[in-house]
**Student:** 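Sending over a structure as structure tokens; questions will come in a sec.
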Amino acid sequence: MIQKTIDDKHAVRFRRMLESSGHIVITCHVRPDGDAMGSTLGLYHLLKALDKNAKVITPDTPPQQLRFMPGIEDVVVYTRYQEYCKRLMREADLIVCCDFNRISRQELLGELLEESKAAKVLIDHHLGPEPFADLTFSFPEMSSASEVMFRLIAAMGLYTAMDLDSATCLCTGIITDTKNLSVNCNNPELYLVMLELMKKGVDKSAIVKKALHTHSLNSMQLQALAMLNNLKLFRKHRAALVWLSAEDLERYSYEKGDSEGLVDRAGEVDGVTYSIFLREDTDCIKVSTRSVDNFPVNLICEKYFDGGGHRMAAGGKYHGSLQECIRLCEKIMPEFDSYLEPENRGATYQELKEK
Ligand code: 5GP
Ligand code: MN
């Protein structure tokens, strides 16, 4: 039996909101990943099976690797269909927000969310959710928003209504956020959730292959180039820094998603506790960080890169040149050395922040 983590009263309230709403919008963060699409589409298929009128709106286009997800062709992309999205947001009486904790994570679409008079429900697993929703399901200890969504569906008594498409999407979210059950995967309960999804007939091996282990040749060569030419190790700080300049991106005809996983690869170098990846985009330097041993990369992203995220997977942005950003990373490393100490590994986020 999966332990109950979601309050029954809140689950019942959400179910009533779904039942009484004629126009439901489900939405997620900008640059949607497998979990953003998994949690939104997982709910979308359930609502379709229940004959509810629901639409998924994303702030921008989902990446190519996720084209296999059932229902992705029905997604309305705000950057492509602005007027239509505005109408949907205006008509909505319920907006379900998945896999983000702050309205700003929706970038331009966030303005419509903020203006909307619809009831709002947040379903998420990031630290420190903003109190913008009427009902918030926030579980930072969970692997993914898709896991939260599964538990919520079960708590609403709707597991039997969940079809294979819904289960496939939720499973994709869990698989991508946990890198095929290899990070954030130590809670035994996660495997009970997986079991219930698999019972619906999910083809997990196909999901793993398509969502995690299929890349364009350009993407593989771009990442190889970065590992060969643009990787700098800072042994003293147990850090790895890797970057891609605008010129590198151009040379390998960069497309969205092509640098996915590079930050993890840099973090796999023996002796590295955290890795930072910098990508020179047209408007800013995109910063992406990963760590092990509870090293809080979200503190780095919050303090220096106008961002945040999870303790061991966070991101942000830098406005300035790539070289300046590389220098800044090097300069701030000593400040975070104390977090490498074993005594800080178990510390809570608040305790670390106060140090
Ligand atoms: P990624 O490195 O894959 O882009 O992002 C990893 C995690 O960091 C995301 O799940 C998200 O929680 C967080 N993140 C990434 N970029 C940003 C950002 O610009 N701002 C904030 N607040 N969080 C971010
Ligand atoms: Mn997520």
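Atoms within each ligand, like the ligands themselves, are counted from 1 in listed order.
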**Student:** When you compare the side chain of Val56 with that of Asp74, does any pair of heavy atoms fall below 4.5 Å?
**Tutor:** no
**Student:** May I ask you to check whether Ser288 has an N/O atom sitting below 3.5 Å from an N/O atom of ligand 1?
**Tutor:** yes
**Student:** Using heavy-atom distances, let me know which of Arg105, Glu107, Arg290, His310 sits nearest atom 11 (C) of ligand 1.
**Tutor:**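 It is Arg105 whose heavy atom sits nearest to atom 11 (C) of ligand 1.
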**Student:** Find the distance between CZ (Arg327) and CD (Glu324) and round it off to the nearest 0.5 Å.
**Tutor:**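 Here the rounded value is 6.0 Å.
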**Student:** Under 2.8 Å from the Mn ion (ligand 2), which protein atoms of type N, O or S occur, listed by chain and number?
**Tutor:** Asp35 OD2, Asp99 OD1, His125 NE2, Asp177 OD2
**Student:** Got the closest protein heavy atom to atom 10 (O) of ligand 1, with its distance?
**Tutor:**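 Here the closest protein heavy atom is His126 NE2, 3.6 Å.
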**Student:** Please list, in number order, the atoms of ligand 1 under 4.0 Å from a heavy atom of Arg102.
**Tutor:** 22 (N)
**Student:** Tell me, with the steps shown, if Phe305 and Cys329 meet side-chain contact (heavy atoms from CB on, under 4.5 Å).
**Tutor:** CA-CA 10 Å; Phe305 300 115; Cys329 290; 3.9 Å; yes
**Student:** Can Asp163 and Ser166 be counted as having a side-chain donor-acceptor contact under 3.5 angstrom?
**Tutor:**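 No pair is found: no donor N or O on one side chain lies under 3.5 Å from an acceptor on the other.
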**Student:** Tell me the nearest of Gly308, Ala313, Gly307, Gly309 to atom 24 (C) of ligand 1, using heavy-atom distances.
**Tutor:** Gly308
**Student:** With a 4.5 Å limit on heavy-atom distance, are the side chains of Leu43 and Leu152 in contact?
**Tutor:**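 Answer no - side chains too far apart.
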**Student:** Any non-hydrogen side-chain atom of Glu107 less than 4.5 Å from a side-chain atom of Asp60?
**Tutor:**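 They are not in side-chain contact.
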**Student:** Within the side chain of Gln106, is there an N or O that forms a donor-acceptor pair under 3.5 Å with the backbone of Cys28?
**Tutor:** yes
**Student:** What residue and atom, counting heavy atoms only, is the protein's closest point to atom 15 (C) of ligand 1, and at what distance?
**Tutor:** Gly315 CA, 3.4 Å
**Student:** Taking only heavy atoms of Lys317 into account, list the atoms of ligand 1 that are under 4.0 Å away from them.
**Tutor:**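 Listed by number with element, the hits are 19 (O).
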**Student:** If I apply the N/O under 3.5 Å rule, does Arg31 come out as touching ligand 1?
**Tutor:** no
**Student:** Short list, please: which atoms of ligand 1 are under 4.0 Å from a heavy atom of Lys286?
**Tutor:**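 That gives atoms 4 (O), 15 (C), 16 (N) of ligand 1.
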**Student:** Can you tell if the side chain of Asp35 reaches within under 4.5 Å of the side chain of His125, non-hydrogen atoms only?
**Tutor:** yes
**Student:** Is it true that Lys55 and Glu91 make a salt bridge, defined as a side-chain N closer than 4.0 Å to a carboxylate O?
**Tutor:**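 A salt bridge is absent here (no side-chain N lies under 4.0 Å from a carboxylate O).
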**Student:** Are the side chains of Met149 and Leu46 in touch, meaning some heavy atoms are under 4.5 Å apart?
**Tutor:**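 No, every pair of side-chain atoms sits at 4.5 Å or beyond.
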**Student:** Not counting sequence neighbours, which residues clear ring-ring contact (aromatic ring centres under 6.0 Å, His included) with His126? List them please.
**Tutor:** His310
**Student:** Quick check: does Val287 get an N/O under 3.5 Å from an N/O on ligand 1?
**Tutor:**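 Between Val287 and ligand 1, no N or O pair is found under 3.5 Å apart.
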